[in-house]
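Since the structure comes first, as structure tokens, the remarks are kept for the end.
Numbers restart at 1 for each chain; the letters A, B, ... are given by sequence-line order, proteins then strands.
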Amino acid sequence: MAREMMFGEAIATAIMEEMQRDSDVVFYGQNMAMTERDPYVKKFGHDRVRLTPISETAELGIAVGAAMMGLRPIVELYMAEFMLVAFDEVVNEAPRLRYMSGGQVKVPCVFKAGFGFAAGWAGQHSNCIYHMIMGIPGLKVAIPSTSADAKGLMKSAIRDNNPVVYLHHYMLSLDKGEVPDGDHLVPFGVADVKRAGTDVTIVATAWMVKKSLAAAELLAKDGISVEVVDPRTLAPLDTKTIIESVKKTGRLVLVDQAPRHASAAIIIAGEVAEHAFPYLKAPVKLVTALDTSVPYSETMERYVLPDEDKIAQAVKSVMAAKTAKA
Amino acid sequence: MQAPGKDRQVWIYNHMVRIREFEERVKRTFVDHPGVIRGHAHLADGAEASIVGALATRREDDLVVPTYRCHGYPLVLGTSPRGVMAEIYQRRDGICKGFGGSMHLADPAHHFPGASGIVGQSIAHAAGAAYAAQVKKTGQVVYSFFGDGSSKQGAFYETLNLAAVWKLPVVFILENNFYQAYTHISLEDANFAAGDPLSQKAKAFSIPGVTVDGTDPLKVYEAVGTAVERARAGQGPSLIESQFYRLSPHGNAITVPPVPTQFQEHEAIEVYGRKAEFQAAKANDPIPKFRAALIQQGALSDASAKKIEDAAQAEIEDAVQFALASPLPAPEDALKYVWA
């Protein structure tokens, strides 16, 4: 059985279920749990559900300390950029402590953060910063694109014994999707083929999966069969599924909301270049944000970010292109 | 610090009215022209006495560094409301050409180097501007405005300590409106929870700290003026807690397009159900209060007050019309200004 849920609701449900399942799971952040009416406070009380000031270093650092002592904290950060205020905890504390202690401690915590809010939030609240964290050994990065994955990845994140940055795309918050009932877990490091196809592989995450699926629909009318692969976690990254898809289609378009050199796409392109080069019928193509900050005005914001048309054009260009060998 | 003369008090009233009118028109835009303002906008209604009372002490080259709730200050510094409104409306004629929007206003030509959208970070920028003034011996003082929420950031503690050690010419004005976004201050501030004023934080850095009624521009003027004199004399920073009530909610509701966004009820009512508290704040609105005081003193007549209010209305109506008529930026303009 499955139930239709909004993306944001699916995440909340996962947290609720995991808190019910495991009394070590605690949940806190800014502007939450403000009154007794808060659903988490009602259910789990103020020991496990707390409100914090705007103090990211304390919020994330306390999560690290509590996790070392056996709690499983989830920190609500709202905006991924707010992690930057306390980036030491994200990059240089949470993922390092287990390793430096020679495996004696573990730091199971979830940093939950929205991102990519392409709705006029301008330069400091709309960014995609996963490239900064997807290569940190010891740190996992989940990035769902559907309600089902949102729930399943959050549940896996909470149960994981490592620090996890859980990134949810704000533009997907109200999107509805089927979510399997019961203990629905999505494993980390397993990509999902969101649409099967034979001519071109698109790899995309989060909001860009939705845009890529829309482009694939357009392209189908032109007789181009597109496969859309969603890695679902950037760390660990399921390069195997991506490479299998490229071996089948021989063409790859990478779609990413971040600027080119700050994208996950550029890293995936490197993996494909090393592991699937002989199978490519055309050069790999990247569709990323332009190399600017995100502008406020909608006309400029649209110009900077990838969209269905830019994706469709890129797919057509790889269909027309040939490698030297071919 | 001597109280401002009658003309200066009328000047204060005039700017208070201009800010209020501006913010009300921003708010109305969400109803009259949905979609024209994007993202998140934060209003300063309720803060007018504090903003203008503080800025009335300025030497004309003193600098102002605010937070993202930043529409009010540039209007006092001489920035055209046309340019500010056009920026908020995403237009090419906006003061930041449509790149920044409501949260990121900047007008360095009017001593307003720019706002940050990230809570607390601009406190350090203000100290940096003061450091520049110290090194260049310009004699300028920097006015650092931030909210009660900012005072729980590392940037606040780190900056106040260093500014005190270096005796930087900066005045830290903590605008305490009792709500950190949606959170009542009693839930997140150690001083408040203990029944102490937030100016107590100054003690940690051995600098002067005072709390003033931020709904009275003359009280703010006196406290800030004293701190400015001290800063300009090379004696270092002070912390002023200016208490007033934000009369609008934190910002327009956060929605995902195309769901329209507007300003809802203040969180005092929306979240906490404290209608009486909000009504009391409305009754203590700094603008009618100061108007009445000026009329009582004879600094202003009812007719001259009305003249100020009508002029502000006309000025901001003109700004709205200018902003609506201004073209949107060309898409490819987005590639400009990445590098200096």
Side-chain angles (χ1 to χ4, degrees), chain A residues 6-8 29-38 46 50-59 61 78-79 81-82 84-86 88 114 117-126 169-175 207 259 289-305, chain B residues 35 37-40 68 87-92 94 96-104 116-121 147-155 180-185 187-190 250 254-257 259 261 267 271-273 327-338:
Chain A
M6 282 190 289
F7 189 80
Q30 299 162 22
N31 297 304
M32 58 173 278
M34 294 180 290
T35 68
E36 301 305 318
R37 296 195 313 277
D38 179 276
H46 284 294
R50 293 197 183 185
L51 166 68
T52 70
I54 307 175
S55 301
E56 287 84 4
T57 303
E59 293 167 49
Y78 295 97
M79 295 274 181
E81 286 97 333
F82 299 165
L84 298 174
V85 175
D88 177 65
F117 208 172
W121 284 70
Q124 296 179 315
H125 292 81
S126 320
H169 202 293
Y170 269 118
M171 298 301 275
L172 297 174
S173 303
L174 304 179
D175 284 13
W207 194 38
L290 302 182
D291 290 326
T292 72
S293 295
V294 182
Y296 168 60
S297 178
E298 192 169 10
T299 53
M300 295 194 289
E301 189 192 78
R302 276 208 205 124
Y303 181 76
V304 165
L305 299 180
Chain B
I37 303 176
R38 312 181 71 218
H40 215 194
Y68 51 80
E87 184 60 33
I88 297 168
Y89 283 19
Q90 331 174 37
R91 306 300 163 139
R92 201 185 299 178
C96 302
K97 306 178 189 71
F99 284 72
S102 163
M103 290 194 282
H104 312 104
S116 166
I118 304 299
V119 169
Q121 303 312 307
D148 43 282
S150 293
S151 72
K152 265 63 75 178
Q153 273 287 302
Q180 172 259 89
Y182 315 101
T183 300
H184 190 261
I185 191 169
L187 301 170
E188 56 91 45
D189 185 278
H250 172 57
I254 297 174
T255 60
V256 178
V259 180
T261 170
E267 30 286 315
V271 180
Y272 303 93
L328 292 165
E332 58 277 14
D333 281 356
L335 298 177
K336 294 178 176 173
Y337 314 121
V338 174

Using modelled atom types and a 3.5 Å cut-off, is there a donor and acceptor pairing between side-chain atoms of [X] and backbone atoms of [Y]?
| X | Y | answer |
| --- | --- | --- |
| Thr292(A) | Leu335(B) | no |
| Gln180(B) | Pro53(A) | no |
| Tyr296(A) | Ile88(B) | yes |

- Note on the structure: Asp189(B) meets the salt bridge (Lys or Arg N to Asp or Glu O under 4.0 Å) criterion, sequence neighbours left out, with Lys152(B), Lys201(B)
Smallest separation among heavy atoms of [X] and [Y], with atom names:
| X | Y | value |
| --- | --- | --- |
| Lys97(B) | Met300(A) | O-CE, 3.9 Å |
| Gln90(B) | Glu298(A) | OE1-N, 2.7 Å |
| Val304(A) | Ala334(B) | CG2-CB, 3.5 Å |
| Phe117(A) | Ile254(B) | CE1-CG2, 3.7 Å |
| Pro329(B) | Thr299(A) | O-OG1, 2.9 Å |

- Item | Sequence-distant partners of Arg91(B), side chain to side chain donor-acceptor pair (under 3.5 Å), two or more places apart | none
For chain B, which candidate among [options] shows the most heavy-atom pairs at distances under 4.5 Å?
| options | value |
| --- | --- |
| Met79(A), Arg37(A), Glu81(A) | Arg37(A) |
| Ser173(A), Ala122(A), Ala58(A), Ala119(A) | Ala119(A) |
| Thr57(A), Leu172(A), Leu174(A) | Leu174(A) |

- The single option from Ile54(A), Asn31(A), Thr52(A) passing side-chain contact (heavy atoms from CB on, under 4.5 Å) against Thr183(B): Asn31(A)
- Item | Heavy-atom contact with chain B under 4.5 Å, split by part of Thr35(A) | side chain
- Measure Glu301(A) against the heavy atoms of chain B and call it side chain, backbone, both or neither at under 4.5 Å. side chain
- Message: To the nearest 0.5 Å, what is the distance between NE2 on His125(A) and NE2 on His40(B)?
- Response: 9.0 Å
- Calculate, to the nearest 0.5 Å, the distance between atoms NE2 and CG belonging to His184(B) and Leu51(A) respectively. 12.0 Å
